[in-house]
Amino acid sequence: MRNNLESVFDIFKERGFVEQVTDETGVRDLLEEPTTCYIGFDPTASSFHLGSLVPIMSLAHMQRAGHRPIALVGGGTTLVGDPSGKTELRPIMKREEIDKNAQGLREQLSRFLDFENGKAIMANNADWLTKLNYIEFLRDFGRFFSVNRMLSAESYKERFKTGLNFIEFNYMLLQAYDFWHLFKHYDCRLQMGGNDQWGNILAGVDLTRRLEGEAIHCITFPLFTTSSGIKMGKTHKGSVWLDSEKTSPFDYYQYWINQDDKDIERFLAIFTFLPMNEVKKLGALQGADIRHAKEVLAYEATKLCHGKAEAEKAKLAAHQLFGTDAEELSESVPKHPLGADELEPGVPAYILFEKMGLCKSRGEARRLIKQGGGYINDHRIETFDQIIDTKDMMNDSILLRGGKKRYLRIILQ
RNA sequence: GGAGAGGUACCCGAGAGGUCAAAGGGAGCAGACUGUAAAUCUGCCGGCUCAGCCUUCGGAGGUUCGAAUCCUCCCCUCUCCA
């Protein structure tokens with residue numbers, strides 16, 4: 001245990017988690033003893049998406065090393081909206097919606113963290129922020145914040161171009177208050193977060209020093225983009241979610257498989273727990289062999305998020321769909337039910353593609369098929385209005401495919 | 001409160017009465033090439049009952065044979081002044 005404790009910071013460094021630290025030696029010293037740390041998550045949706053995976057992994061590393069992570073759901077701060085790095089005002093959400101989302105996040109976090117016996121803690125800042133009294137808050141805390149300094153914060157830069165609303169300007173104070181609050185009540189001395197949070201986190205460090213005369217710390221993570229500069233976890237379908245209802249384990253697996261060669265080693269280090277020597281070995285693979293590294297990445301990442309069984313299924317499905325002999329098709333291909341009475345009279349292919357959600361509109365489906373990207377049971381569909389009916393059934397199902405990678409199996413009901 | 005600038009498709013951004021479903025770029029999609037990668041090339045990229053029709057240029061009205069383009073009112077954003 002002792003050894004583990006000493007090494008967490010090194011693990012972070014080695015695996016590429018660290019962008020900035022308040023005080024490296026200070027943090028190292030701190031982490032020699034079991035420490036409570038926290039990361040805030042915004043409950044703007046009922047599921048995490050991939051963007052939150054870096055912080056989640058970091059909390060998991062902390063816990064494995066014997067520290068105590070707090071996952072703070074920003075039920076209160078979301079009522080205000082964080083302007084950091086954003087280009088526009090975020091829509092302000094309703095209280096009930098936020099509470100509902102927080103519930104969903106709680107469940108997902110428990111796949112990565114062990115909340116038994118207080119080994120990890122879940123908190124919601126709505127519990128204290130919504131009770132604040134404006135005048136008292138200004139007198140007791142507001143006076144410690146220098147507007148001049150806040151104005152120079154990097155996180156507001158983007159917003160000065162278009163205008164920063166006062167409500168958002170307050171976000172920093174609230175996040176600072178959170179850190180102080182968690183320090184007071186949980187002896188939390190370390191906050192982590194994406195590098196866009198640097199300014200907000202430092203505000204909390206400063207506030208606590210002024211109020212309590214205590215040094216607390218912060219580590220920020222690099223903001224992950226793919227090699228092509230796109231934000232992680234975004235695809236044409238929108239975000240990649242950790243919720244299997246929103247992003248199937250198969251699609252999740254495929255997301256990782258399809259990453260750029262250049263990203264694989266970095267991602268293995270961040271998004272899996274594989275030992276670093278193995279990560280390096282996989283990262284050193286060249287040419288087509290990198291596919292193996294991608295497979296490991298996809299498998300490990302899927303296993304962490306959806307469990308071993310789902311990861312196996314996704315891997316098998318991928319082999320069968322993309323491997324040389326695509327004979328038996330796996331269970332993991334997303335399935336869609338369709339009433340027998342609907343298929344019986346025959347449905348034009350483009351309508352079927354739209355109905356099954358493979359295309360957003362019928363026009364898009366027409367286009368797809370006209371361009372040669374529509375397949376049924378692995379045969380290219382020749383005309384967009386080709387009639388599909390029960391004769392196209394193979395083993396009680398029909399396999400549709402859009403382009404090279406989007407598969408869908410119709411199950412007749 | 002005053003003065004000015006501006007709101008165009010996922011994003012950026014041209015258009016200034018008909019030839020505008022709206023240039024160009026980015027993102028995205030498909031095809032070819034490949035390794036389910038990258039790069040490249042080609043095509044697509046509002047909706048539909050698709051060689052035609054319908055609905056779009058902040059919102060509501062109006063002028064006109066005809067409006068993203070002109071007029072009126074409203075909403076929103078930015079800049080400068082108070």
Side-chain angles (χ1 to χ4, degrees), chain A residues 83 85-92 156-166 168 225-240 248 250-268 282-283 285-299 301-302 314-326 329-330 332-334 347-355 357-375 378-387 400-407:
Chain A
K86 302 281 190 322
T87 48
E88 31 188 78
L89 174 64
R90 210 157 64 175
I92 293 167
Y156 292 134
K157 284 258 171 66
E158 195 55 40
R159 296 307 306 281
F160 284 139
K161 293 179 194 159
T162 53
L164 177 69
N165 195 291
F166 184 68
E168 307 170 90
T225 51
T226 60
S227 285
S228 38
I230 302 161
K231 219 181 257 175
M232 283 265 344
K234 300 285 176 190
T235 67
H236 71 283
K237 284 183 189 165
S239 301
V240 175
S248 72
F250 176 75
D251 286 338
Y252 191 80
Y253 181 92
Q254 286 298 321
Y255 175 80
W256 293 107
I257 282 280
N258 284 311
Q259 291 305 316
D260 194 314
D261 289 3
K262 288 178 288 219
D263 290 323
I264 301 306
E265 183 169 341
R266 249 164 92 218
F267 288 179
L268 279 165
L282 287 166
L285 293 174
Q286 290 298 318
D289 291 338
I290 291 180
R291 273 179 303 166
H292 176 241
K294 290 185 180 182
E295 212 163 71
V296 174
L297 171 65
Y299 177 79
T302 308
K315 186 176 177 179
L316 186 66
H319 271 287
Q320 288 169 338
L321 291 173
F322 296 102
T324 42
D325 43 20
L329 286 166
S330 159
S332 296
V333 176
V347 186
Y350 72 104
I351 293 179
L352 193 63
F353 269 66
E354 186 270 342
K355 200 187 206 82
L358 231 32
C359 295
K360 284 200 275 293
S361 68
R362 293 180 179 183
E364 187 181 311
R366 274 166 186 266
R367 233 176 281 131
L368 177 77
I369 298 170
K370 278 180 185 165
Q371 291 178 134
Y375 299 80
D378 259 332
H379 294 293
R380 183 173 279 179
I381 301 173
E382 298 302 332
T383 55
F384 72 89
D385 54 356
Q386 182 176 320
I387 299 297
L400 294 184
R401 184 173 128 208
K404 289 195 183 72
K405 298 171 189 171
R406 280 151 37 227
Y407 284 88

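In what follows, every chain begins at residue 1, and chains take the letters A, B, ... in the order their sequences are listed.
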Nucleotide nearest [X] (side chain, heavy atoms from C-beta), chosen from [options]:
X	options	result
A:Leu368	B:G31, B:U36, B:C29	B:C29
A:Gln371	B:A38, B:C29, B:G35	B:C29
A:Asp261	B:U36, B:A37, B:C44	B:A37
A:Ala288	B:U49, B:U36, B:G35	B:G35
A:Lys404	B:G35, B:A30, B:G31	B:G31
A:Tyr350	B:U49, B:A30, B:A37	B:U49
A:Asn258	B:A30, B:C44, B:U36	B:U36
A:Ile290	B:U36, B:G35, B:G31	B:G35
A:Lys405	B:C48, B:C44, B:U36	B:U36
A:Arg406	B:C29, B:G31, B:A38	B:C29

* **Watson-Crick/G-U partner (both atom distances under 3.5 Å) of B:A32** => B:U40
* Quantified in whole Å, what is the C1' atom distance between nucleotide B:C10 and nucleotide B:U63? -> 35 Å
* Asked: Which whole number of Å gives the distance between the P atom of B:G52 and that of B:U69?
  ->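 Straight-line distance between the two P atoms is 26 Å.
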* To do: Taking all heavy atoms of A:Glu364 and all of A:Cys359, pick out the closest pair and write down the distance.
  => OE2-CA, 3.7 Å
* Does the side chain of A:Arg366 get closer than 4.0 angstrom to OP1 or OP2 of B:C50 through an N or O atom? -> yes
* Under a 4.0 Å N-O cut-off, is there an ion pair linking A:Arg366 with A:Asp385? ->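 Judged by the 4.0 Å cut-off on N to carboxylate O distance, A:Arg366 and A:Asp385 do not form a salt bridge.
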